[in-house]
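Structure record follows, encoded as structure tokens.
The first residue of the sequence shown is numbered 1, and numbering continues consecutively from there.
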Amino acid sequence: MSDAVSDASSPATGTTSPEAVDPHRWWGLVVIALAQLMVVLDATIVNIALPSAQRDLGMSDGNRQWVITAYTLAFGGLLLLGGRVADLMGRKRTFVIGLIGFAAASALGGAAVSSGMLFGARALQGVFAALLAPSALSLLTTTFTDPRERGKAFGIYGALAGSGSAIGFIVGGLLTEYLDWRWCLYVNVPIAVIAVFGALTLLHDRPGHGGRANLDVPGAVLGCGGLVAVVYGFSEAESRGWTDALVLALFAVGVVLLVAFVWWQNRARVPLLPLRIVRDRNRAGCFLTMGLAIIGMFGLFLFLTYYLQGILGYSPVKSGLAFLPLTVAIIIGSTQISARLLQRVAPRWLMVPGMVLAAGGMLILTQITVRSDYTTQIMPALILLGLGMGLTFMPVFATATAGVAPKDSGATSATVNTAQQVGGSIGTALLNTIATTSTATYVAAHVRSPADRAAVLPAATVHGYTVAIWWAFGVMLLAGLVAGLMVTAKAAGHGTPAAPAQAAPEAA
């Protein structure tokens, strides 16, 4: 892989700087992409393997959700702390530590002999993913300085961020059917080993982190505690109901902690999340757009997986491969459309049409029945959804991280990932609760005797899915509205804020 552009003069100074352009940056992108793919696909790779793991380890139906929730809670709740650690300790060092820890936790989960051991390993994976994800994005942000190269690099990164979850379904299906569910965790070990060697050889830290600064411990407790409480509340609402005392208490505690977090960030000497990052209108719009888009997307993953296997009778491999058009469409939308157009058009002119396309895919899926045809109905919807997500993810990542001082790149990267991860957790819990409630209502209205239940249940289940997908359709349109109103940045070639690496570097 050759460099796309030779060493160039620094845009900020007009002189050639040996730090401005890394000659190994494109190989470095391969390493970063490997790590990002591993983290993102791990959020879904175990979904298809979950029935096998449940039987093997004797999990109850009520506890099996923790295989997913333990990971998302730790990941989403600790991302801000992980981003600040990357800024203070150095992105490359944090990146390598995250890779090693993630691999070790994956091996522990693969060797689990009890459900508790698997839950703990998944939580540990989330902890190290919270270190790995923001350091990966901030390394990308500070490595690519040329605006044209940034577009290509973020196109690849955005494609992986959007398609990694769908790839997880494919890989999970193949590993579960032909090997064992444990390989859905073991597979991370060789990927991490390759990425560690690549990181040590190819990646380099840029100025902008202060190794002697202190972590904002009160901010970490308030911010991470608030996020964990909110995400935990949404996950528990699925089984307990929205009016349950514990659920309401978790939401109340989460809101109080997050309000206290914002109050403290205005007073902390070295804040965990400098509020100047989120006060920027474009970044705030990107964070919100990302969170809303992922709410709809992750909810769809859950429903479609159960629909394909439970209603249409697909095998794990076939159901995983059914997501392939979505993956391909995301890659095309991100690398071949968004990456090429972002230099010429404003980000919102990609994000708004992207969300409208994604909503169109959702609209098609609201019409599914117990006998829907994959080729004529499901696949076209997945292609529309994928193209829309591909158009959206790349400009979100590029715009949210543009113009950030190097010392704040880790915190900014963490906030993007937090929006994505928390959106996924909320979407899964929220839409699944809507689907479950709608299914129960349908059964109550159509079952006249116990003998009718078996005949009615498939239609009732699909009805629950379609009601939830209607909500996802509305969330996608709301994301498009937010992007259109809040993201006002111009095209990269017409006055967008300078890239992070173009800011005046601080002394190391």
Side-chain angles (χ1 to χ4, degrees), residues 33-34 36-52 68 155-179 181 183-184 187-188 191 293-294 296-339 354 357-365 367-368 372-394 420 424 427-428 465 469 472 476:
L34 266 180
Q36 175 66 14
L37 179 62
M38 183 176 67
V39 168
V40 174
L41 69 81
D42 210 74
T44 56
I45 193 172
V46 298
N47 276 270
I48 291 180
L50 188 54
S52 298
I68 308 299
I156 295 171
Y157 188 90
L160 288 172
S163 64
S165 298
I167 292 172
F169 285 112
I170 299 171
V171 175
L174 291 169
L175 293 175
T176 300
E177 188 155 332
Y178 293 113
L179 291 174
W181 68 266
W183 279 96
C184 291
V187 71
N188 291 323
I191 297 175
I294 294 295
M297 188 174 183
F298 264 53
L300 177 68
F301 284 163
L302 179 70
F303 303 139
L304 205 53
T305 300
Y306 279 98
Y307 176 76
L308 293 172
Q309 294 190 51
I311 303 298
L312 299 185
Y314 284 20
S315 67
V317 169
K318 189 176 181 181
S319 60
L321 291 174
F323 284 94
L324 188 58
L326 173 69
T327 304
V328 173
I330 289 175
I331 293 173
I332 291 173
S334 185
T335 63
Q336 301 304 311
I337 302 177
S338 280
L357 278 177
M362 291 290 187
L363 185 61
I364 294 174
L365 289 174
Q367 307 304 309
I368 59 173
S372 288
D373 181 68
Y374 174 82
T375 305
T376 60
Q377 186 170 5
I378 298 173
M379 185 171 70
L382 291 178
I383 291 172
L384 283 178
L385 179 65
L387 286 174
M389 288 297 185
L391 283 172
T392 302
F393 282 136
M394 185 267 174
Q420 186 175 0
T428 300
Y465 295 162
I469 293 172
M476 291 293 187

**OP:** Tell me, please, which residues at least two apart from Leu312 pass side chain to side chain contact (heavy atoms under 4.5 Å, CB included).
**Re:**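 Only Tyr307, Leu308, Tyr314, Ile378 meet the side chain to side chain contact (heavy atoms under 4.5 Å, CB included) criterion with Leu312.
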Subject >> Residues that Thr176 engages under side chain to side chain contact (heavy atoms under 4.5 Å, CB included), provided they are two or more places apart >> reply: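 Partners of Thr176 under the side chain to side chain contact (heavy atoms under 4.5 Å, CB included) test: Ala49, Ser52, Cys184.
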Subject >> Contacts of type side-chain hydrogen bond (donor to acceptor under 3.5 Å, both in side chains), residue Gln377, not counting sequence neighbours >> reply: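 Partners of Gln377 under the side-chain hydrogen bond (donor to acceptor under 3.5 Å, both in side chains) test: Ser372.
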Subject >> Which residues share a side-chain hydrogen bond (donor to acceptor under 3.5 Å, both in side chains) with Thr376, sequence neighbours left out >> reply: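 Thr376 satisfies side-chain hydrogen bond (donor to acceptor under 3.5 Å, both in side chains) with Asp373 once adjacent residues are dropped.
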Interatomic distance, [X] atom [atom1] to [Y] atom [atom2] [nearest 0.5 angstrom]:
X      : Y      : atom1 : atom2 : answer
Ile469 : Ile368 : CD1   : CD1   : 4.5 Å
Leu321 : Leu174 : CG    : CG    : 6.0 Å
Ile311 : Leu304 : CD1   : CG    : 11.5 Å
Thr327 : Ile332 : OG1   : CD1   : 11.0 Å

Would you name the heavy atoms of [X] and [Y] that are closest together and state the gap between them?
X      : Y      : answer
Ala293 : Met476 : O-CE, 3.5 Å
Pro380 : Tyr374 : CD-O, 4.1 Å
Ala381 : Gly361 : CB-O, 3.4 Å
Met362 : Gly296 : CE-O, 3.3 Å

Under 3.5 Å, which donor-acceptor pairs link side chains of residues 384-394 to any protein atom two or more places apart or in another chain?
| unit_1 | atom_1 | unit_2 | atom_2 | d |
| --- | --- | --- | --- | --- |
| Thr392 | OG1 | Gly388 | O | 2.9 |

Subject >> Those residues that, when tested against Tyr465, pass ring pair (Phe, Tyr, Trp, His ring centres under 6.0 Å) (two or more places apart) >> reply: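 Checked Tyr465 against ring pair (Phe, Tyr, Trp, His ring centres under 6.0 Å); matches are Phe303.
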